[in-house]
2 protein chains.
Amino acid sequence: MAATLQDVANLAGVSVKTVSNVVNNYTHVRATTRTRVQGAIDQLKYQPNMSARGLRSGRTGVIGLAVPELSLSYFAELADAVIKAAERHGMVVLIEQTGADRKREIDLLSSPRLQLTDGLIFSPLGMGSDDASHLDVSYPLVVLGERIFGGPVDHVTMKNIDAARAATELLIARGRKRIAVIGAHEGEVVGSAALRLQGYKEALAAAGLPYDDELIGYVGLWHRHDGLMAMRNMIERGVEFDAVFGLNDTLALGAMRVLQEAHFKIPDDVSVIGFDDLDETQYSLPALSTVDPGRAEIAETAVRVLMERINGQTAPKKPAPVEYLVDFTLRERESTL
Amino acid sequence: MAATLQDVANLAGVSVKTVSNVVNNYTHVRATTRTRVQGAIDQLKYQPNMSARGLRSGRTGVIGLAVPELSLSYFAELADAVIKAAERHGMVVLIEQTGADRKREIDLLSSPRLQLTDGLIFSPLGMGSDDASHLDVSYPLVVLGERIFGGPVDHVTMKNIDAARAATELLIARGRKRIAVIGAHEGEVVGSAALRLQGYKEALAAAGLPYDDELIGYVGLWHRHDGLMAMRNMIERGVEFDAVFGLNDTLALGAMRVLQEAHFKIPDDVSVIGFDDLDETQYSLPALSTVDPGRAEIAETAVRVLMERINGQTAPKKPAPVEYLVDFTLRERESTL
DNA sequence: TTGAAAGCGCTAACAC
DNA sequence: GTGTTAGCGCTTTCAA
């Protein structure tokens, strides 16, 4: 079927070693030989067999990316960015979905399917700090997100607290005093929800505003529907507020829908801000103010760090894990003007 | 480093063949032997080397999925569905992004990166009918979408014309007579835009309504922004209309935003319907009526057909290509009530 | 600068 | 029911 190195060598009248040298751009090949070999390669449409190369070299050229679900826009846009970053490193990306399920996340870390990859970029949503030990794996691994800090592996994350504080401060600067939060997780101390809530509290404290638990909308997941329900619930409870901070854009958009249904004017009656800078926030009505958590840079950093680990695997001992913190940018749009 | 079959065999005091039999769930292994081998496997944390297995068997256990961009929600949701379907077949998915660029799409089809994969599910957006010959490749390939019909490969697609006709008929049934279309592609005769426009025309004709080119909003791409601009443009031109058919949901949502900005009431003044049944259509304000083109079934069919081709590769000659047409469902929501 | 040959870990044909 | 062994296509010493 497909041509092998040997086929090319026969046709070109050289040894497989020489063909291999040409294929891998070795320097010490005579120009005439190279041309002849290249001709044979073209003629036979030779393509290296990746399995064989992988078996021999121990490298596959594939990196794994594990996310909860691609239908969550944040992760779709993250995956997009990771694939593009990987491409620049000559790598291709295999995507696994964990469904934000703790057990599936843990299982994935020791799945034989990872044998196909040189390393993994892992964005857990179900695991918590107690599960950090599971991250102590024997292959290159970079963790994203806010579920686990100080684990045994490299970690790339965003400035959740600072960014949430900045978002809240923006609302305060617009004169808002009763700022509702949509998307908190009851009793949680780790994860994006907890960190962003902390940033919110810090901003309130700095401005001398009281913290009122009435204003906190708790949800299970961060789907559109959850934002919608939490907002509706808060309105039905008769809670007074003049601003809403959606802990992510999806929640904020869901909340905005309910607000408009209830005839609140945005931003006149209620200012709304989200978090993530999803593409669609530019096209909602009104366009949603939000925080760009540096998604592109997170993806680039994750891939770069992973590649360093992959390429440095010969090192005598594993270097200490590093935490990378990516900068955010506030994007003010119509919903807070 | 990692344990090999030989290591396990040594520890268990059997031959590699026996270990291989156990790993691959061969039936003819004595229970006691199996237990002993399994113990050795667990103890050594043995995991098969996929590259070696791939080299030997010619199979990698990976299928490729090529889409324009994951940040387009439709393709993110499609990828999600494909990954889930592949998982049921014990396969893992490697995703390539082509950026809807014709040249990149064509290049991808002969890329050595596909060597890692047992077959490809390909959703082109840049290629046209003239490029069909490029699809005549030597590996299992299933094509999705509306760019190429009657090509040399299996093709899974949706009932674009019928579904668009049904969507238009719904608007007509609601008493609408001047139905604008957002998202047509100037001069195009192939692709989703052209087919859906045809369905629209058929519905008008069947209802005895005139076709008016004034009502057709042409766009370049199918991004949110394009829907927004096309709608704005139509309003500025002073065109009169009482309904809008967005040729996909993203366009419809962009258009809806502009309509509301211009103080049209939806659905009172203008009914709006989209196409794709994206998750977010349920949470827009008003919730967007749309057509579910059977995305989940498309994904399942594509994976199933691809697996059949992969498993049937030993067949003496390539079977004739097949066209699979998946059924749609109308989803009426608030925007057309 | 090029060639010969070993061997990566696995599967499967063949032997017993 | 289990063992022996060839070889998948490639990279890489080691020689020439």
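Reminder, nothing fancy here: chain letters follow the sequence lines and each chain counts from 1. Computed from a prediction, not measured in an experiment: that's the story for all the values here.
Neither OP1 nor OP2 of C/dG9 sits under 4.0 Å from any side-chain N or O of B/R53. The shortest distance between the side-chain N/O atoms of B/S15 and the OP1/OP2 oxygens of D/dT4 is not below 4.0 Å. Contact annotation: B/N24 side-chain N/O to C/dT11 OP1/OP2 distance is under 4.0 Å. In this model, the phosphate group of C/dT1 is not approached by any side-chain N or O of A/T33 to a distance below 4.0 Å at OP1 or OP2.
Nucleotide C/dA12 holds its P atom 15 Å from the NE2 atom of B/H28, rounded to whole Å. As rounded to whole Å, 13 Å separates atom P of C/dA6 from atom CZ of A/R56. In this structure, B/Q115 places its CD atom 16 Å from P of D/dC8, rounding to the nearest Å. In this structure, CD of B/Q6 is placed 11 Å from P of D/dG3, rounded to the nearest angstrom. Taking atom CD1 of residue B/I41 and atom C1' of nucleotide C/dC10, one finds them 14 Å apart after rounding to whole Å. Rounded to whole Å, atom P of C/dG9 lies 8 Å from atom CG of B/D7. As rounded to whole Å, 8 Å separates atom P of D/dT13 from atom OH of A/Y26. Separating the CG atom of A/N49 from the P atom of D/dG7 is a distance of 18 Å, rounded to the nearest angstrom.
Using a 4.0 Å heavy-atom cutoff across all strands shown, A/T4 reaches sugar-phosphate atoms only and no base atom. Within the 4.0 angstrom heavy-atom criterion, only backbone atoms of the sugar-phosphate kind lie near A/V14; the bases stay farther away.
With C/dC8, D/dC10, C/dT1 as the candidates, the nucleotide lying closest to the side chain of A/L55 is C/dC8. Taking the side chain of A/T18 as heavy atoms from C-beta on, and the options C/dC10, D/dC10, C/dT2, the nearest nucleotide is C/dT2.
Residues A/F149 and A/H155 bring their aromatic ring centres within 6.0 Å.
Ion pairing of A/K84 with B/E69 is present here, as a side-chain N (NZ or NE/NH1/NH2) and a carboxylate O approach within less than 4.0 Å.
Sequence neighbours left out, not one pair with a member in residues 17-61 of chain B passes ring pair (Phe, Tyr, Trp, His ring centres under 6.0 Å).
Residue-to-nucleotide proximity on DNA chain D shows that, of B/G13 and A/S57, the 5′-proximal contact is made by B/G13.
The minimum heavy-atom distance between A/R59 and A/M307, with the atom names listed, is NH2-CE, 4.4 Å. Of all the heavy atoms in B/R309 and B/P140, the pair that sits closest is CB-CB, 3.9 Å.
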